[in-house]
Amino acid sequence: MPPSTPNHAILNGLNDAQKRAVTSKAATVAILAGPGSGKTHTLTARVAWLVDHVGFRPEDVIVATFTVKAAREMKERIGKALGNDREKRIILGTFHSIARRYLAAYGRHIGLSQKFGIADDTDSRAIISRICKRLQLNVDPAFARAWISKKKAKGTEDAAKPARQEVTNVAGLQNLETCYREYQKHLETTNLLDYDDLLVRCVELLRKFPSCVSNVQTVLIDEYQDTNGIQYELMKLFAQRHQRITIVGDPDQSIYGWRSAEIRNLWRLLREFPKTDEVSLEENYRSSQSILDLSLSVIKQDSKRYDKVLKAIHNMGSRPVLRRLKSASAEAEWIVSEVRRVLTLSGSMLTYNDVAILLRSASLSRHIESSLGKAGIAYKMVGGFKFYERTEIRTLLDYLRVIHQPENNDALARILNVPRRGVGDVTIRSLLEEAETHSLSVWTVLSKHCRGDRTAKTRITKQAEQKLSGELLRPLDSIRRRIGEATGPNGTPLGLVQMIEQLLTTLEFEKHLKTAHPDDHEQRWANVQEFISLASDFVRDMGSSDEDALPEIEGLPQTKEVEVLSRFLANVSLASDAQTGDADQSKPLVTISTIHAAKGLEWPIVFVPAVYKGSIPHIRSEDDNEERRLLYVAMTRAQSLLYLSCPVFSSNGNGERTVLSPFVEPVERAFMKKGPCLDRPVMSEIARILQRQLPPEDSIFQGLPAMFSLEDNLFPVDPEEAKQDANGRSNRGHGYHPDAQPSKRPRLQAPSIVQDSAEETQWWKGYSTTMEQSSTFTVAALPGFVSVAAHQAAITAANTKADAAQKAQVVKRPTSKRPTGQKSIMGFVKLDSDQSGLVATRLPATVQPSNSSPAPRLVQEPQAASAAIAPDLAGHRLGAGKLIARPSAPIEEKTLKRKQYTCFSSSPTRPAAAEDDSSGKNTAEADNNETPPEPTRAAACLHVTTCALPKGHGGVLRRPGGLSRENITPIEKLRKPFKPLTITLKRPS
DNA sequence: GCCCAGGCCGTTTTT
DNA sequence: CGGCCTGGGC
């Protein structure tokens with residue numbers, strides 16, 4: 001797009017609130033954006049606005065995100081908005097990666113070695129547990145690690161916050177502090193920074209040398225609710241020259257408290273920048289209203305939360321489902337069956353790409369992966385295992401790290417005996433000890449020992465010594481010498497790829513894989529190849545554009561980061577996963593993801609399995625409210641169909657009963673008990689929400705596979721019922737699930753397991769899954785991202801009627817400042833007049849209409865629906881002990897005038913929207929669990945009349961299933977063998 | 001007696 | 001996929 005006429009184009013398709021946010025002239029802008037409200041779109045547009053309209057140079061703009069995924073997405077979208085590759089000049093990335101760039105460029109000013117490495121999780125854990133052991137500190141290393149991390153993450157400014165009383169005994173505290181000191185000392189001698197240090201040191205740098213960021217005009221922060229103390233400081237320091245900050249966030253989606261994120265930072269910002277322009281994005285373009293309603297009813301259980309409006313733009317849609325299954329494996333198989341049912345009945349409107357299964361813990365994926373595998377459904381797993389964490393890749397990385405930094409003891413320790421060199425655990429441990437006590441690096445100790453300069457105290461066998469010297473020390477030394485020097489094969493410096501290849505030959509790595517992993521060495525070797533190609537991509541990308549570079553600042557020379565290796569390693573440490581050359585975009589994949597990794601994304605169909613106590617809220621979680629928000633995030637990912645499910649018996653072997661998640665239990669009755677009837681009206685409405693074309697009815701049913709069940713009836717709605725069944729088989733013919741058996745008959749399980757696994761191996765051929773080939777997908781290719789904006793554009797264009805209704809409802813707003821209708825979040829949390837701290841309170845839910853003249857008293861009686869809330873409201877970091885509200889400042893007048901609905905987003909406004917649905921598509925709501933009688937049978941009837949079996953589809957008699965229960969049993973037993981037949985979406989016609 | 005290697009169990013969420 | 005236990009080899 002031509003830069004000359006940017007303004008209008010940028011604002012195209014934005015709603016009023018979004019336009020206000022994008023064009024706000026205030027220095028600091030806080031955008032409060034609920035799920036699906038077009039947050040990324042708005043932030044992107046604001047960046048474009050600031051560059052194209054206001055005229056900031058791209059290189060003077062910092063955009064910080066929390067995940068690599070979000071950064072990538074943001075970059076892509078800003079690129080589209082700006083054009084001319086100008087997005088590449090923007091300083092855009094995760095907090096950690098931006099901090100690293102500054103440290104690489106200017107770190108020497110604060111005494112940082114140029115070649116610092118990054119200690120990842122594994123490293124710091126190893127270091128800390130070694131320290132604890134060596135000094136015999138009586139602390140749990142994991143706890144110590146968390147404690148240290150929290151201490152760093154808290155930041156330095158917020159001293160007002162009292163230390164939490166986790167560590168009660170003084171000795172314990174002292175031990176922790178010793179551990180902390182030793183840990184830092186170790187990092188320093190090995191020239192490493194851990195993740196938190198990147199931020200801490202960058203804060204130090206920018207405080208001492210503000211000129212580093214003297215060019216920065218404006219700073220934008222995505223997912224602001226996830227900032228922790230140190231990131232808040234960093235944000236301010238980035239912006240220290242002009243104090244222009246835009247933040248986007250949603251307190252309800254704060255799910256990183258365990259990583260020291262502080263929702264309080266929102267109030268902190270508003271307090272420190274009182275002129276902040278607040279904008280709320282209150283329209284949800286993503287989900288059906290029933291999904292939104294139910295999600296809100298979950299999040300509203302948190303009485304301390306800042307209640308905000310979230311209005312569905314879409315129609316009611318079909319009610320979310322809460323399904324109970326017998327076991328985790330039954331649950332997984334049910335998901336498969338439901339996925340098939342929905343996709344099939346959508347014609348080809350929906351594909352696997354439209355389905356996501358969101359998990360509290362990555363470990364829950366086992367059953368689901370196996371079910372999908374058995375069914376031949378390709379999937380990708382996001383979050384959980386990462387490419388770079390595979391052992392073979394880690395080993396190579398550790399070699400590279402040792403080449404890069406010989407003093408990296410931890411990396412060296414991990415590779416001393418890989419491949420096997422007859423050096424055992426004890427020897428390695430002892431070497432580390434020796435090195436640490438003598439302030440030497442292990443590398444030095446070994447080198448000297450092998451050269452005979454200094455005999456190591458650690459006993460090393462002659463054989464091991466020879467191998468270490470010949471296979472490790474000398475080859476690596478030689479590679480290291482050749483970096484940067486023009487001594488490579490053709491007089492060129494040894495490149496990254498050649499370096500890796502050199503390593504592979506010297507180590508005889510393929511041979512090593514064969515002996516170490518005889519079963520799957522091929523896969524692992526393939527991973528190694530993949531790794532090489534990633535490295536080669538990296539080198540290429542780095543050569544073509546110098547995106548990581550910071551803009552030159554006059555009189556402030558940067559350390560040029562020439563070394564490829566160094567940057568590659570940093571990139572690996574800071575990337576959540578490898579971005580591989582998008583292998584198969586063509587193949588639709590179901591997404592399995594942790595809820596955390598799903599934030600910001602959306603899918604038409606979302607499953608949230610395992611909604612039981614212990615899973616969500618997780619048994620080890622400290623903050624139930626955060627767990628609730630997590631569920632809220634998961635639920636609000638769904639656009640048109642949302643399924644929660646819960647096994648009745650846990651799969652931990654003893655057949656213990658699960659308890660439904662306390663977040664779901666209170667609203668249990670709002671769910672349907674099984675999947676909706678997917679008749680024409682329901683499907684049409686789904687199509688409308690997704691802005692897609694629903695194929696004609698007859699074409700859908702012509703494509704129906706044989707024995708297709710039109711309803712969600714393959715599994716009993718009440719799994720208890722199945723238990724009664726005399727022969728132990730569930731009455732709907734899915735008696736093959738070993739775990740589904742009540743624990744009483746362990747004997748019978750053995751044969752079925754054998755059968756299962758035989759079948760499994762059979763089906764594992766012919767397709768590949770992420771388990772085998774984790775890197776065949778790109779995160780950027782995730783279906784979720786692009787759509788809010790797309791929807792919004794489409795909707796504004798198409799749905800003018802709804803738009804008009806919307807406008808009628810929303811107050812006309814003054815252009816630049818917060819509209820009168822919108823209450824300030826500061827009205828919710830008010831700054832006390834003295835400096836001592838934040839004193840918060842909350843308006844009573846029953847606040848009078850706007851004309852009541854006296855400023856309303858801030859209410860603190862607990863029986864008022866909303867009691868007074870402390871500053872740390874929703875602040876999960878502070879104890880509840882000091883919840884006091886002191887009404888000292890009168891409420892801003894503005895807040896009095898706000899329209900009432902802003903306080904009561906709960907229900908009152910709903911009916912109107914429903915009525916507005918002129919096309920009468922709201923039937924879905926009526927479609928409830930108890931298997932609706934006649935009318936909803938339409939589809940089934942249709943099915944009978946139009947379903948023509950494809951000819952030559954085998955000689956076995958197959959009748960359509962799902963019509964009458966009585967008919968099913970014998971046929972259903974045959975179901976299993978036909979499993980792979982089920983999906984034949986497109987018949988050759 | 002010491003040390004290496006192979007089998008078995010449990011696994012929150014992420015930069 | 002790592003940490004712990006037991007068995008085999010130096």
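Order of the sequence lines fixes the chain letters, A, B, ..., with proteins taken first and strands second; residue numbering starts at 1 for each chain.
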I need the CZ-P distance between A:R390 and C:dC1, as an integer number of Å.
7 Å

By side-chain hydrogen bond (donor to acceptor under 3.5 Å, both in side chains) - contacts of A:E522 (at least two apart)
none

Does any N or O in the side chain of A:H596 come within less than 3.5 Å of the main-chain N or O of A:I255, such that one atom is a donor and the other an acceptor?
yes

Regarding A:S615, tell me which of base, sugar-phosphate or nothing describes its non-hydrogen contacts under 4.0 Å with the strands shown.
nothing

Is the phosphate of B:dT15 approached by A:T67 (side-chain N or O, under 4.0 Å from OP1 or OP2)?
no

Whole angstrom is fine here: how far is it from CD1 in A:I118 over to P in B:dT14?
19 Å

In whole Å, what is the span from the CD atom of A:Q225 to the C1' atom of B:dT14?
15 Å

Pick base, sugar-phosphate or nothing for A:F95, based on heavy-atom distances below 4.0 Å to the nucleic acid.
nothing

Taking B:dT11, B:dT14, C:dG2 as options, the one with an atom nearest any side-chain atom of A:R366 is B:dT11

Using whole Å, report how far CG of A:D624 lies from P of B:dT13.
18 Å

Would you mind telling me which residue lines up with the more 5' stretch of DNA chain B, A:F66 or A:H618, judged by nearest nucleotide?
A:H618

For the pair A:Y195 (side chain) and A:S573 (backbone), establish whether a donor and an acceptor sit closer than 3.5 Å, ignoring hydrogens and angles.
yes

Determine yes or no for a side-chain-to-main-chain donor-acceptor pair under 3.5 angstrom, with A:S361 supplying the side chain and A:S363 the backbone.
no

Among B:dT13, B:dT15, C:dG2, the one nearest A:R259 by side-chain distance:
B:dT15

Can you check nucleotides 7-10 of chain C for protein contacts, nitrogen or oxygen pairs under 3.5 Å, and list what you find?
none

Spacing between A:E392 atom CD and C:dC1 atom C1', to the nearest angstrom:
12 Å

In the 5'-to-3' direction, what one-character label does each nucleotide of nucleotides 2-8 of chain B receive under the scheme B = base within less than 4.0 Å of a protein heavy atom, S = sugar-phosphate only, - = no such atom?
-SSSS--

Would you mind telling me which of A:V442, A:L416, A:L412, A:T458 makes a side-chain contact (heavy atoms from CB on, under 4.5 Å) with A:L432?
A:V442

What is the separation between atom CG on A:D222 and atom C1' on B:dT15, rounded to the nearest whole Å?
15 Å

Can you tell me if A:H449 uses its side chain to pair, donor with acceptor, with the backbone of A:T455 under 3.5 Å?
no

From CZ of A:R394 across to P of C:dC1 the rounded distance in Å is 12 Å

Measure from the side chain of A:H96, starting at C-beta and using heavy atoms only, and say which of B:dT13, B:dT15, C:dC1 lies closest.
B:dT15

Is any side-chain N or O of A:T94 closer than 4.0 Å to OP1 or OP2 of B:dT15?
no

In whole angstroms, the gap separating C1' of B:dT13 from CH2 of A:W258 amounts to 4 Å

Ring centres under 6.0 Å, that's the criterion: do A:H512 and A:F509 meet it?
yes

Checking the side chain of A:N228 only, and the main-chain atoms of A:K154 only, is there a donor and an acceptor separated by less than 3.5 Å?
no

The test is side chain to side chain donor-acceptor pair (under 3.5 Å); show your working for A:D194 and A:S124 and say whether it passes.
CA-CA 7 Å; A:D194 70 12; A:S124 17; 5.3 Å; no

Does A:E465 CD have over 12 foreign heavy atoms under 6.0 Å away?
yes

A:Y256 on top of B:dT14's base, within under 5.5 Å and under 30°?
no

